[in-house]
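Data first, discussion second: the structure below is written as structure tokens.
Since we're looking at a predicted model, the values are computed, not measured.
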Amino acid sequence: MNELENARKEIDIIDAEMARLFARRMEWVKKIAGYKAKNCVNITDSAREKEILISRVNEYTDNNTSKFYRESLLSTIAISKKYQRFLNSASDDIFVSAGKNGYNVTVKRGVLNELAEYIKKSEKTVIVTDDGVPRQHVMACAAALGGYGVLVLPQGEENKNLDNYSKVISYLHDNGFSRTDTVIAVGGGVVGDTAGFAAATYNRGIRFYNVPTTLLAQVDSSIGGKVGVDHLSGKNLIGAFYDPEAVIIDPDVLKTLDRRQINNGMAEIIKIALICDAGLFDMLETAARYEHIEEVIRRAVALKAEIVERDREESDLRKVLNFGHTIGHAIESAEGLGSLLHGECVALGMIPMCSERVRERLICLLRANGLPVSYDGAADKLKEFIKVDKKKSGRSITVVTVEEIGKYKLSEKDAEEFLDSLDDLMGTLRR
């Protein structure tokens with residue numbers, strides 16, 4: 001035991017020195033970032049990266065650990081580039097340090113008319129949208145980019161399927177798109193998820209930008225890199241993690257949304273505030289939430305980005321974003337497409353998972369935003385959908401509860417016990 005403790009003490013000393021050297025290294029990375037920004041030098045320098053890997057790995061004498069040293073070098077190089085991108089991003093942008101390169105989220109009124117400033121020019125570009133997106137938004141994007149093709153899919157959650165995914169793939173193939181060409185999603189979550197999944201899988205991945213035009217997509221599905229389509233057996237069963245090059249959000253497009261769609265998005269904002277930010281929740285309880293919608297969107301995006309950065313592939317922390325979704329998704333599936341919107345189902349799903357004192361404030365806020373607070377559906381029907389929910393793993397299910405606004409509790413529950421408690425939980429929705 002003394003031998004183990006001595007070894008750990010030595011590692012602690014080494015780690016402390018490595019932390020000091022890392023801080024010193026990043027100071028120089030910051031200076032390099034400033035030089036590159038000032039002189040318009042590309043952050044990626046493939047020749048230098050290759051030289052570093054070859055020279056330093058070759059100098060490493062321990063053959064048993066050299067491959068791990070190489071992996072460490074690759075990680076360090078990737079972190080340096082992410083840090084440079086973060087430093088050189090526009091000051092008002094939110095940088096999401098996830099995936100290989102990370103990406104910027106721009107929240108700015110009128111940005112649709114400035115799209116060319118945020119999207120890298122490529123030989124071929126297609127705007128993927130649906131027939132529910134106001135034509136003026138699509139035309140503004142096309143005009144800002146100087147034209148480009150437009151592929152229009154049918155509107156509605158029922159169209160987030162393999163058939164429409166295949167339509168996007170066929171368009172890319174028929175028009176000779178390569179890995180250096182670009183797909184731009186302009187629309188809600190259905191368009192973003194479908195076009196993003198096509199971009200992720202066509203030629204094993206091509207450039208993808210997301211321009212969400214619904215409040216729900218702006219604060220939820222466009223952030224985090226989840227793309228995919230639904231299957232007859234359930235929502236989002238087919239998909240991947242694929243980060244966009246950038247997310248561009250124009251709050252002005254919300255002027256064309258009807259009130260129900262605005263409320264639909266507000267449900268996700270209420271959710272993120274409830275689990276992470278008591279101050280934002282307080283703000284949402286005032287009428288000023290609509291006057292300052294740009295700031296509300298920015299804060300909601302920043303909160304989700306912080307969680308995504310720490311757990312990109314939903315192995316642990318990111319599961320908190322499923323607050324309200326276990327019961328909410330079950331209601332959505334049980335009621336069928338078109339009956340209740342996603343945000344309305346999440347609103348219902350949050351209510352049973354709160355303490356009594358939180359529930360009172362939550363119900364008042366949901367009502368103020370035109371969201372449902374009661375549901376009379378049978379718990380037994382919901383159980384069948386919860387059994388196949390992707391948040392369920394083996395005999396356990398991840399449950400997120402809120403005892404105090406701004407703080408969450410993440411726990412693993414026995415799936416059968418949770419299902420047995422569903423009748424009592426659903427009792428909080430009977431009014």
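Across every non-hydrogen atom of L422 and L382, the tightest pair is CD2-CB, 4.1 Å. When all heavy atoms of V152 and D130 are compared, the pair lying nearest together is CG1-C, 3.7 Å.
Between the side chains of R207 and T125, no donor-acceptor pair is found at a separation under 3.5 Å. Of the N and O atoms on the side chains of S178 and D181, at least one donor lies less than 3.5 Å from an acceptor on the other residue. Using modelled atom types, one finds a donor on one side chain and an acceptor on the other under 3.5 Å when comparing Y165 with T201.
Checked for salt-bridge contact, K271 and E268 meet the test: a charged N lies under 4.0 Å from a carboxylate O. Ionic pairing of R361 and E285 is present here: one or more N-O contacts between side-chain nitrogen and carboxylate oxygen are shorter than 4.0 angstrom. The pair E71-K67 does not count as a salt bridge, with every side-chain nitrogen at least 4.0 angstrom from each carboxylate oxygen. Salt bridge absent: K255 and D250 never bring a charged side-chain N and a carboxylate O closer than 4.0 Å.
Counting heavy atoms from C-beta outward, I386 and T326 have side chains that approach closer than 4.5 Å.
In this structure, F86 and Y83 have parallel ring planes: the angle between them is below the 30° cut-off, well short of the 60° mark.
Here the CG-NZ distance, from D45 to K50, works out to 12.5 Å after rounding to the nearest 0.5 Å.
With a 6.0 Å radius and a threshold of 12 heavy atoms from other residues, nucleotides or ligands, R109 has its CZ atom above the threshold.
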Verdict with supporting geometry, K387 and E384, salt bridge (Lys or Arg N to Asp or Glu O under 4.0 Å): CA-CA 5 Å; K387 286 178 182 178; E384 297 307 310; 3.5 Å; yes

